[in-house]
Amino acid sequence: MTTNKEIGNTATARVTQWLGEFEKALKQADADEVASLFAEECFWRDLIAFTWNIKTMEGKGAIHTMVAACATDVKPTHWRIEREATETDGITEAWFTFETTVSRGKGHLRLKNELCWTLLTTMVEIKGHEEKKGEQRIKGVEHNASKNRLTCREGKTREEKLLGYDKQPYCLIIGGGQGGIVLAPIETIRRSHYHY
């Protein structure tokens, strides 16, 4: 009788092997080899990590085209499974992390018969522009008394007066729809790097 732990270990080994082959093919920018790791019916959903866009590649041909256009510039590396993979009804699933030249990302993979059925890659952090958290977190409130201390309202008013005159924004995105909200944090970096 096979236990859940044994199934998990086998599934994790399969995902780890697939990610290793995938990383090797991407490192060589070998679009043919990358496409061969996908099933005939396959989907790759990319959220900015490779294409600098929200894009779904459907089928080996679309995946081949995207990899041929992007892999050399994106230089994806460090593909690592995040926790134990799972298997249900012949589908192996796992979460993973990876890096590109400018970002760190997370993703999700589903394998069917040892080949990729669905792949999700998402950018979660731009290198050099990491989220300020923990000890790096910007303090929202000053808990000290000083002669030149500003109230929240005074600080906000001062910033509003300076913005656009003495202090310039990196970019301006007009519109708060899904695209504007997603692209706002990375728009300034995008202009200096290749995008699909």
Side-chain angles (χ1 to χ4, degrees), residues 2 4-131 182 185-186 189-196:
T2 306
N4 286 341
K5 188 171 183 179
E6 289 170 332
I7 290 171
N9 289 340
T10 305
T12 299
R14 277 199 299 276
V15 169
T16 302
Q17 180 179 346
W18 190 92
L19 286 173
E21 293 171 7
F22 187 59
E23 180 174 11
K24 183 179 176 185
L26 285 171
K27 188 174 184 179
Q28 297 169 352
D30 187 343
D32 292 329
E33 183 62 26
V34 170
S36 75
L37 296 171
F38 285 80
E40 286 305 315
E41 179 190 27
C42 57
F43 306 89
W44 182 344
R45 176 78 163 162
D46 181 60
L47 302 180
I48 306 172
F50 278 71
T51 61
W52 288 98
N53 206 337
I54 301 170
K55 189 165 181 66
T56 301
M57 281 64 63
E58 184 176 345
K60 290 184 173 196
I63 290 168
H64 184 284
T65 301
M66 188 275 287
V67 170
C70 298
T72 303
D73 296 307
V74 174
K75 295 182 176 67
T77 58
H78 299 98
W79 296 80
R80 302 290 177 263
I81 191 166
E82 198 166 44
R83 49 188 170 264
E84 291 292 317
T86 61
E87 185 174 6
T88 307
D89 298 329
I91 306 296
T92 304
E93 295 188 58
W95 291 94
F96 60 87
T97 59
F98 65 98
E99 292 185 23
T100 70
T101 52
V102 297
S103 69
R104 292 177 187 87
K106 288 190 177 186
H108 186 263
L109 168 71
R110 290 196 289 177
L111 300 177
K112 188 192 291 185
N113 300 323
E114 312 299 322
L115 295 173
C116 183
W117 176 32
T118 66
L119 179 66
L120 169 69
T121 51
T122 64
M123 179 188 293
V124 295
E125 183 174 70
I126 297 175
K127 294 176 182 177
H129 299 273
E130 289 80 5
E131 180 181 356
V182 168
I186 57 122
I189 305 299
R190 184 181 76 86
R191 282 187 240 128
S192 62
H193 292 84
Y194 178 86
H195 62 282
Y196 180 71

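Values below: all heavy atoms of this structure, side chains included; hydrogens, waters and symmetry mates excluded. Remember, it's a predicted structure, so these values are computed and weren't measured experimentally.
In terms of modelled atom types and a separation under 3.5 Å, the side chain of E41 and the main chain of W117 share no donor-acceptor contact. The backbone N or O of C42 lies less than 3.5 Å from no partner atom in the side chain of K112, so there is not a single donor-acceptor pair. E130 contributes a side-chain N or O that, together with a main-chain N or O of G128, makes up a donor-acceptor pair within less than 3.5 Å. With W18 contributing its side chain and L37 its backbone, the two residues share a donor-acceptor pair below 3.5 Å. Between the side chain of T122 and the main chain of K106, a donor-acceptor pair closer than 3.5 Å is present. The main-chain N or O of D32 is found under 3.5 Å from a side-chain atom of D30 such that the two form a donor-acceptor pair. A side-chain donor-acceptor contact under 3.5 Å links T12 to the backbone of A85.
Two residues are said to be in side-chain contact when any heavy atoms from C-beta on lie closer than 4.5 Å; V102 and W52 meet this criterion. Taking the side chain as every heavy atom from C-beta outward, E23 and T77 approach each other to under 4.5 Å. By the 4.5 Å heavy-atom criterion applied to side chains, M66 and K55 are not counted as neighbours. Using a 4.5 Å cut-off on side-chain heavy atoms (C-beta onward), L111 and V15 make contact. A heavy-atom distance below 4.5 Å is found between the side chains of R45 and I54.
Atom CD of E58 has 12 or fewer neighbouring heavy atoms from other residues, nucleotides or ligands inside a 6.0 Å radius.
Remark: K60 NZ to L115 CG distance equals 6.5 Å, nearest 0.5 Å. Here the straight-line distance linking atom NZ of K127 with atom OG of S103 works out to 7.0 Å at 0.5 Å rounding. Atom-to-atom distance recorded for E21:CD and S36:OG is 8.0 Å, nearest 0.5 angstrom. In this structure, CG in L120 is found 14.0 Å from CZ in F43, a value given to the nearest 0.5 Å.
Looking only at atom types and distance, the side chain of E93 has no donor-acceptor partner in the side chain of T86 under 3.5 Å away.
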Mind running side chain to side chain contact (heavy atoms under 4.5 Å, CB included) on V67 and L26 for me, showing each step along the way?
CA-CA 8 Å; V67 170; L26 285 171; 4.1 Å; yes
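A salt bridge between E33 and K27 is absent, with no side-chain N of the basic residue lying under 4.0 Å from a carboxylate O of the acidic one.
Partner of W44 under the side-chain hydrogen bond (donor to acceptor under 3.5 Å, both in side chains) criterion, out of T121, T51, T118: T121 alone. None of F98, F96, W95 except one satisfies the ring-ring contact (aromatic ring centres under 6.0 Å, His included) rule with H108; the exception is W95.
Across I63 and V34, no two heavy atoms sit closer than the pair CG2-CG1, 4.3 Å.
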